Asker: 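Right, I'll just put the structure down here and ask away after.
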Amino acid sequence: MKEAYFPQEIEKKWQKNWEDNKVFKTEDESDKPKFYALSMFPYPSGKLHMGHVRNYTITDVIARFKKMNGFNVLHPMGWDSFGLPAENAAMKHGADPEKWTVENIAYMTKQLKMLGLSYDWDREVTTCKPDYYKWTQWLFLQLYKKGLAYKKEAAVNWCDECGTVLANEQVIDGKCWRCDHVVEKKYLSQWFLKITDYAEVLLEDLDKLKGWGDNVKTMQANWIGKSQGAIFRFPVVDAPSGEKMEVPVYTTRPDTVYGITYLVVAPEYADIEKLTTAENKETVEAYRANARKMTEIERLSTERIKTGVPLGTHCKNPFTGEIFPLWTADYALAEYGTGAVMAVPTHDERDFAFAKKYNLPMKVVIQNSENPSDCEHEAYTDEGILVNSGEFNGMKNTEAKKAITQKAVDEGFGEFKTQYRLRDWLISRQRYWGAPIPVVYCDKCGIQPVPENQLPVMLPKDVDFSVVGKSPITTSKTFKDPVCPVCGGHAVRETDTMDTFMCSSWYYLRYADAKNDKECFNKDKVNHWLPVDQYVGGIEHAILHLLYSRFITKALRDCNLLDFDEPFKNLLTQGMVLKDGSKMSKSKGNTVDPDEIFENYGADTARLFILSDSPPARDFDWSDAGVEGCYKFLNRVWRLLWLNHKNTDFSKDYDLSDVKEKDNDDLIRTVHIAIKGITNDISNDYQFNTVISKYRELVNAIYDWVNNKNKGFYIDEYKNTYNFAVKTLIRLMAPVAVHLTEEAWHELGGEGSIHAQEWPVWDENLAKASSITLVVQINGKVKDKIEADEALGQEELKALALSSEKIKELTAGKTIVKTIVVPKKLVNIVVK
RNA sequence: GGGCAUGUGGUGGAAUGGUAGACACGCCAGUCUUAGGAACUGGUGCUAACGCGUGGGAGUUCGAGUCUCUUCAUGCCCACCA
C-alpha cells in the first residue's frame with residue numbers, strides 16, 4: 001500500500017478489473033430476492049453533465065447497498081438515442097445522425113465507466129438501433145390491433161416559409177426557430193394513442209404508488225384534470241337551414257343554469273357554419289380566419305382581452321324558456337368538453353369580462369347573505385343560496401348542482417358527465433431520426449399495418465438533410481412505395497416517425513430481457529424483474545415520461561404481454577444541480593465538466609461530494625470548496641488505512657470477546673452506532689448527506705482513539721479493536737467510495753471484492769452510549785444536564801433532577817405543579 | 001389565477017413532539033514550516049451581560065424547527081379546461 005492516495009491510478013486499475021471479471025453481471029436465476037434499481041436513461045447529447053453524475057451516483061449507491069444486503073440486483077443502463085438534436089446536427093454540419101449518435105454514446109460510455117458505476121453492460125439498450133426499434137414498432141402494432149392507436153386530423157405547428165411542420169420545441173415566441181416566420185396552425189392527419197381510455201385508472205392508481213412523492217402525483221392528477229359536471233343540450237330556435245339542431249355544453253356549474261344569458265362556441269366548432277346567419281357570415285368567417293392565424297401563445301395569453309362575434313342565431317334555455325344569443329369566441333376551446341360553453345356572467349370571471357365588453361345582460365342566481373355581491377364589478381364564484389332559479393330557489397348551490405342536473409336527466413335534455421383534461425397522445429413526428437411508424441396506405445385497402453415478419457421498417461440511409469419544407473425521410477428513393485400486404489397492389493409508406501417518448505415508455509421492460517431477438521421481452525422475465533423497485537431521475541419527467549410509461553404498462557398488460565399494472569414502485573426525483581444559485585447551463589457559463597473533476601480529484605471524490613451536501617430530492621449547490629473538502633476527507637481516510645497497514649496485521653481476524661478497557665469499549669460502541677445510523681439513513685429515504693457526515697464522525701472517532709492509543713498498537717487487544725473499526729469503516733463506505741475501498745480491501749488482505757462483501761450488522765446493545773445525559777428542564781427550558789446511569793427508573797431520575805443544586809436554586813420558593821419524566825432522556829419540572 | 005415544494009448561523013445543511021445548529025465549508029488562533037500550502041490542535045448562532053434565537057402572527061402541549069390555523073417570501077409545475 002502506498003503512503004499517498006493516487007485516485008487516478010487506483011480507479012483505472014479497478015475499473016478494468018471489474019470489467020474483465022464481469023463483477024456486476026446480473027443473472028436472472030438466483031435464490032436471493034430481486035431488486036431492480038434504475039436511473040432514467042440519458043439522451044446521448046455528447047457529454048455527461050453534473051445532473052447525470054448526481055442521478056447515476058444515487059442509483060449506483062442504492063444498487064450496491066442492496067447487493068451487500070443480500071439482494072440479486074438488476075442495475076442496467078442504455079440510451080434514449082432517437083430525437084431532434086441528432087437531426088439538427090446533421091442539418092447544420094452535414095453529419096450523419098447515426099454516426100453523431102454512436103460517437104456520443106461511445107464517449108459517454110467511457111465517462112460512465114470512469115464514474116465507477118456498477119452496470120451490467122450486457123443488458124445495454126439503444127433505442128435507435130434496429131434490434132430495439134423493431135420492438136417499438138411491434139408494440140405500436142399491438143396497440144393498433146387493440147384499437148389504442150388511431151389516425152385523425154389534428155392541428156400542428158406550421159411554418160409557411162419553410163413549408164414544414166415544426167415540433168413544439170421549435171416554436172420560439174410563436175415564430176419559426178430557423179427563419180423567424182410566424183408559425184400557424186395547420187390541420188394534418190396524425191397518429192394518436194388513446195391514453196384518454198386510461199384517464200380514470202391512471203388517476204385512481206396514483207393512490208397505489210406509496211413510494212412516489214406527492215408532488216409528482218399531484219402534477220399527474222392535475223394533468224389528467226378530472227372534473228365532475230353535466231352536459232346540457234340547448235335547442236336552437238332559429239337555425240338558418242330550418243333544421244332541428246341543438247348545442248350541447250359541458251359545465252361544472254349546473255347550479256348556475258338559470259343565469260345563462262348567452263352561449264359561446266369555439267371558432268373551430270364543427271357545426272358553426274350551420275349556426276351562422278347569412279348576415280353574420282362575413283364577420284364570423286373573418287373572426288375564424290384570424291383565430292386560425294393566431295399562435296398558441298397569443299391565443300392562450302391570459303392578459304389578452306377576450307374577443308368574439310355573434311352568430312346571429314339563438315338557443316332556448318329549457319329550464320326557463322328564455323331565448324339567448326349564440327356567439328363564437330376563442331376563449332372557448334374546441335378540444336375540451338363539447339367545444340361550447342354556457343355563459344353565466346354573474347358567476348364566472350371569464351363570462352363576466354366578456355359580457356362587460358359586449359354589453360351582454362347579466363342575471364344573479366346565487367347569493368350569500370354573509371358575503372353579499374351584486375355582481376356589478378366582479379363575478380361571484382363562491383358558494384351560496386339559489387335565487388331567480390324557479391323551483392330551486394333557496395337551495396344551497398352545492399345541492400342544486402345535483403338536483404338541477406337530475407331534472408335535465410329526467411326531462412331528457414342533459415346528463416351527469418365526468419370530464420378529463422387529458423388529451424390523446426399525438427405520436428406522429430414529421431422527422432427523420434425516429435422509429436418509422438410501421439403502416440402503409442394502400443390505394444384500395446386503406447391503412448394497413450406492416451406485417452410483423454417484415455419488421456423492422458428500417459430507417460433509410462439515402463436521405464438528403466439539406467431539403468427545406470419537408471421531412472428528410474421523404475427524399476429517400478428506397479423508402480417509398482411498398483406493395484400492399486393485403487392485395488399486393490400499390491401502396492404508399494408512412495413517412496412519419498414516432499415521438500421519442502414512445503421509445504422511452506418501455507425501455508425499462510427491455511432490460512429484463514435485452515438480447516431477445518424473438519420477442520420484445522419474455523413474459524416471465526419481465527414479470528420477475530418488474531416493477532422497478534427504485535426509479536431515480538429528474539422532476540422534469542414528472543408528467544410526460546412517467547405518465548406515458550404508466551399508460552404503456554397498463555396497455556401492454558391489457559394486451560396480455562405482462563401481469564403488473566404499475567411500472568415503478570418507488571420513485572426518487574432528484575433535485576437540480578446548481579452553481580452560484582442557478583441551474584448549470586451552457587448559456588449561463590456556470591457548468592462544471594465531470595471530466596475535469598475525474599482528472600483532478602478522481603471519481604470517488606466526485607461521488608462523495610455529489611451526495612454529501614443536500615438530500616437527494618433537494619437542489620444541490622455545487623461548490624469548488626466542497627469538492628476540495630471531500631478530496632481532503634478521502635486523503636484522511638487513506639492515511640488512516642495506511643496507518644493500519646503499517647501497524648497491524650489485517651489478515652488476522654478480530655476477536656473482541658474480552659474487551660475490557662473503557663477506551664476500547666467506547667470505540668466499539670461508536671462503530672456500532674455508526675453502522676446503525678448509516679444503515680437507517682440509507683434505508684430511510686436515502687439520506688446520503690447524513691450518511692456521509694456519519695462517515696466523517698466515525699473517521700474522527702477512530703483518529704481520536706488512535707491519538708490516545710498510538711503506543712498500544714503493540715498490544716493485541718488494541719490491534720483487534722482497530723482492525724474491527726477500520727474493516728467496518730471501509731465496508732460502510734464501499735457503496736460510495738467504490739475504488740478507494742476496493743484498493744484498501746485488497747491491500748489490507750481482504751478476500752474477493754469488497755463489493756461482494758456483506759453489509760455490516762450492529763448489535764443493539766452496543767449501538768448506544770454507555771451512559772446517558774439527563775436533561776433537566778424547568779417549564780420546558782433546559783436548565784441543567786446530569787450524567788446518569790441508563791438503568792435508572794422514572795422515580796430515580798426525578799429524584800436525581802431535584803437533587804441538582806442548580807435546580808434547587810431555581811425552584812426555591814416556587815410550587816412544583818407537575819413533573820414529567822421521559823425515560824433515559826429528560827425531566828421537565830413545571831413550576832408556578 | 002390554481003397546485004406543489006421550501007423558508008434554521010456568514011454558507012451547505014443536522015435534529016422518532018424532548019439538549020436547536022450534528023457533519024462540513026468559511027473564518028479566527030495556535031503547532032509544524034525560510035515562506036506559502038498540506039497536516040494537526042483549539043475556537044466559532046446572536047448578546048458586554050441578564051438573556052434571545054428556526055420568515056411573521058396566533059393556537060394545541062408540561063414541552064413546538066417539528067402538529068394546526070393564518071400571513072409573507074422564494075422556487076418549480078400547470079394555466080381562458082367552462
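In what follows, chains carry the letters A, B, and so on, assigned in the order in which the sequence lines appear, proteins first and then strands, with residues in each chain numbered from 1. A quick note: this is a predicted structure, and the numbers were derived from the prediction, not measured.
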Asker: C1' atom, B/G42 versus B/C32: distance in rounded Å?
Answerer: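 Going atom to atom, C1' in each nucleotide, I get 15 Å.
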
Asker: Please say whether the positively charged group of A/K226, taken as NZ for Lys or CZ for Arg, lies over the ring of A/Y420, i.e. under 6.0 angstrom from the six-membered ring centre and within 45 degrees of the axis.
Answerer: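 No, cation not above the ring by the 6.0 Å, 45° rule.
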
Asker: What is the separation between atom CG on A/L802 and atom P on B/C62, rounded to the nearest whole Å?
Answerer: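 Rounded to the whole Å, the gap is 19 Å.
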
Asker: What residues, two or more places apart in sequence or in another chain, satisfy salt bridge (charged side-chain N to carboxylate O under 4.0 Å, His left out) together with A/E764?
Answerer: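 Here the qualifying residues are A/K676.
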
Asker: By nearest atom, which of the nucleotides B/A82, B/C4, B/G12 is closest to the A/S614 side chain?
Answerer: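 Given the options B/A82, B/C4, B/G12, the side chain of A/S614 is closest to B/G12.
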
Asker: Please report the distance, rounded to the nearest Å, between NZ in A/K783 and C1' in B/G51.
Answerer: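 Going from NZ in A/K783 over to C1' in B/G51 covers 9 Å.
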
Asker: Side chain of A/Y336, heavy atoms from C-beta onward: which of B/C4, B/A82, B/C78 has the nearest atom to it?
Answerer: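 So the nucleotide nearest the side chain must be B/A82.
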
Asker: Which residues pass the side-chain hydrogen bond (donor to acceptor under 3.5 Å, both in side chains) test with A/Y686, sequence neighbours left out?
Answerer: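 side-chain hydrogen bond (donor to acceptor under 3.5 Å, both in side chains) check on A/Y686 returns A/Q534.
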
Asker: Using the P atom as the reference point in each nucleotide, state the distance between B/A24 and B/G45 in Å, no decimals.
Answerer: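 One P to the other, the span is 15 Å.
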
Asker: Any chance the side chains of A/Y250 and A/S227 put a donor and an acceptor closer than 3.5 Å?
Answerer: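 There is such a pair between these side chains.
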
Asker: Taking the minimum atom-to-atom distance to the side chain of A/P615, which one of B/A14, B/C77, B/A82 wins?
Answerer: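 Out of B/A14, B/C77, B/A82, the nucleotide with an atom closest to A/P615's side chain is B/A14.
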
Asker: I'd like the C1' distance from B/U16 over to B/C67, given in whole Å.
Answerer: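 One C1' to the other, the span is 14 Å.
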
Asker: Return the value, rounded to whole Å, for the distance between atom CZ of A/R423 and atom P of B/A79.
Answerer: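 Whole-Å distance recorded here is 10 Å.
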
Asker: Calculate the interatomic distance between A/D621 atom CG and B/U6 atom P; express it in whole Å.
Answerer: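 From A/D621 CG to B/U6 P: 18 Å.
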
Asker: Please work out whether B/G9 sits syn or anti, treating a glycosidic angle within 90° of 0 as syn.
Answerer: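 You should classify B/G9 as syn.
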
Asker: For nucleotides B/G9 and B/G51, find the distance between their P atoms and express it as a whole number of Å.
Answerer: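 One P to the other, the span is 23 Å.
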
Asker: Rounding to the closest angstrom, what is the interatomic distance between B/U47 and B/G12 at atom C1'?
Answerer: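 These two C1' atoms come out 26 Å apart once rounded.
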
Asker: Go through the structure and list residues passing ring-ring contact (aromatic ring centres under 6.0 Å, His included) with A/F324, not counting sequence neighbours.
Answerer: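 With neighbours one apart ignored, the set is A/F234.
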
Asker: Check whether NZ of the Lys or CZ of the Arg A/R696 lies under 6.0 Å from the centre of the six-membered ring of A/F633 and within 45 degrees of that ring's axis.
Answerer: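 Positive - A/R696 is close enough to the ring of A/F633 and near enough to its axis.
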
Asker: Can you tell me if the side-chain N/O atoms of A/R639 get under 4.0 Å from OP1 or OP2 in B/C40?
Answerer: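 The answer is yes; a side-chain N or O of A/R639 sits under 4.0 Å from OP1 or OP2.
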
Asker: Check the distance between B/G12's C1' and A/F609's CZ and give it to me in whole angstrom.
Answerer: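 One finds 9 Å between C1' of B/G12 and CZ of A/F609, rounded.
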
Asker: Give the rounded distance in Å between these two atoms: CD of A/Q220 and C1' of B/C78.
Answerer: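 Rounded to whole Å, this separation is 13 Å.
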
Asker: For B/G13 versus B/C25, give the span between their P atoms, rounded off to a whole number of Å.
Answerer: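 Comparing P positions in B/G13 and B/C25 gives a spacing of 16 Å.
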
Asker: Quick one, give me the B/S/- string for nucleotides 15-32 of chain B, reading 5' to 3', where B means a protein heavy atom under 4.0 Å from the base and S means that only happens at the primed atoms, P, OP1 or OP2.
Answerer: SB-BBS-BSSS-------

Asker: Both distances below 3.5 Å, Watson-Crick or wobble geometry, any strand: find the nucleotide opposite B/A82.
Answerer: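 For B/A82, the partner nucleotide comes out as none, under the 3.5 Å rule.
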
Asker: Considering heavy-atom distances to RNA chain B, does A/F620 or A/T338 have its closest nucleotide positioned more toward the 5' end?
Answerer: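 Result: A/F620.
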
Asker: How long is the line joining CE of A/M219 and P of B/A79, in whole Å?
Answerer: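 From A/M219 CE to B/A79 P: 11 Å.
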
Asker: Taking the nucleotide of RNA chain B with the closest heavy atom to each, which residue, A/D351 or A/N222, is nearer the 5' end?
Answerer: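 This one resolves to A/N222.
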
Asker: Is A/D348 salt-bridged to A/R253, cutoff N-O under 4.0 Å?
Answerer: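 The answer is no: the pair does not qualify as a salt bridge.
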
Asker: Using the C1' atom on both, measure B/A82 against B/U71 and round to a whole Å.
Answerer: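 It works out to 32 Å between them.
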
Asker: Under a 3.5 Å limit for both distances, which nucleotide forms a Watson-Crick or G-U wobble pair with B/G75, could you say?
Answerer: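 Base-paired to B/C4.
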
Asker: Output all residues satisfying salt bridge (charged side-chain N to carboxylate O under 4.0 Å, His left out) with A/K363, sequence neighbours left out; order by chain, then residue number.
Answerer: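 A/K363: salt bridge (charged side-chain N to carboxylate O under 4.0 Å, His left out) contacts with A/E322.
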
Asker: Rounded to the nearest angstrom, tell me the gap between atom CG in A/L333 and atom P in B/A79.
Answerer: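 About 11 Å, once rounded to whole Å.
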
Asker: My understanding is that only residues two or more places apart in sequence, or in another chain, count here; which of them pass ring-ring contact (aromatic ring centres under 6.0 Å, His included) with A/Y198?
Answerer: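 Testing A/Y198 for ring-ring contact (aromatic ring centres under 6.0 Å, His included), a comparison that skips the adjacent residues, returns A/F551.
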
Asker: Using the C1' atom on both, measure B/U60 against B/U66 and round to a whole Å.
Answerer: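 Pairwise C1' distance, B/U60 against B/U66, rounds to 13 Å.
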
Asker: Partner of B/G59 by Watson-Crick or G-U wobble geometry, both contacts under 3.5 Å, or none?
Answerer: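 Answer to the pairing question: B/C67, which forms a Watson-Crick or G-U pair with B/G59.
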
